[in-house]
Amino acid sequence: MAEHARSDAREGGLSRADARRMWGRSVDVLTRVVRIAGSVCAALLAIHVVFTLGGANPDNGITEFVASAADTLALGFQDLFMPADPQLEVLVNYGTAALFWLVITGIATRILTSLR
């Protein structure tokens, strides 16, 4: 009898337990995507800082790609601080942008996890 009731519930659509599992999996996937995206953004900013401080060739294709991505991802932090040393300026501004991405990613993943 219980099997008959269970099969009737599934014929009309998803059971509540199945819907909850599907929701939980969806939130887990979204949380992973957000965490990875935020980490990649912070990593690109950090790599730009390393390339700049290390004196990487600015005409190299990899350096150009990272610098272009970092400029986009800095979200206005590029000129937040204006120290006299240009290398210190890159370190402070792009480093702050990388920290911003890590903090925002952490907040977003906590919010998403709470929706589970």
Ignoring hydrogens and angles, tell me if any N or O in the side chain of Asp18 forms a donor-acceptor pair with the backbone of Leu14 under 3.5 Å. no
Got a second to check how far Leu75's CG is from Thr96's OG1, nearest 0.5 Å? 12.5 Å
At what distance, to the nearest 0.5 angstrom, does OG1 of Thr52 lie from CD of Gln87? 7.5 Å
Got a sec, which pairs hit side-chain hydrogen bond (donor to acceptor under 3.5 Å, both in side chains) with one end in residues 69-84, sequence neighbours left out? Asp71-Tyr94
Look at the side-chain heavy atoms of Ile, Leu, Val, Met, Phe, Trp and Tyr, link any pair under 4.5 Å apart, and say whether Leu44 and Val34 land in one connected group. no
Who are the side chain to side chain contact (heavy atoms under 4.5 Å, CB included) partners of Thr63, not counting sequence neighbours? Phe51, Ala56, Asn60
Membership question, hydrophobic clusters at under 4.5 Å side-chain separation (ILVMFWY): are Val40 and Leu45 in the same one? yes
Working to the nearest 0.5 angstrom, can you tell me the gap between Asn93 CG and Phe81 CZ? 7.0 Å
CG (Leu112) and CG (Leu30) are apart, to the nearest 0.5 Å, by 5.0 Å
Assigning hydrophobic clusters by single linkage (Ile, Leu, Val, Met, Phe, Trp, Tyr; side-chain heavy-atom cutoff under 4.5 Å), is Leu88 placed with Phe77? yes
Give every donor-acceptor pair under 3.5 Å between a side-chain atom in residues 99-108 and any protein atom, sequence neighbours left out.
{"residue": "Trp101", "atom": "NE1", "partner": "Leu73", "partner atom": "O", "Å": "2.8"}
{"residue": "Thr105", "atom": "OG1", "partner": "Trp101", "partner atom": "O", "Å": "2.6"}

Would the number of heavy atoms belonging to other residues, nucleotides or ligands and lying under 6.0 Å from CD1 of Ile62 be above 12? no
Report the residues that fulfil side chain to side chain contact (heavy atoms under 4.5 Å, CB included) with Ala84, sequence neighbours left out, ordered by chain and then residue number. none
Side chains of Leu53 and Val90, heavy atoms from C-beta outward: is any pair under 4.5 Å? no
Path from Val49 to Leu80 over hydrophobic side-chain contacts below 4.5 Å: yes
Rounded at 0.5 Å granularity, tell me how far OG1 in Thr109 sits from CD1 in Ile36. 12.0 Å
Quick one: OG on Ser15 to CZ on Arg21, what's the gap to the nearest 0.5 Å? 6.0 Å
Contact list for residues 97-106, test salt bridge (charged side-chain N to carboxylate O under 4.0 Å, His left out), sequence neighbours left out: none
Which pairs count as salt bridge (charged side-chain N to carboxylate O under 4.0 Å, His left out) when at least one residue sits in residues 28-47, sequence neighbours excluded? Asp28-Arg116
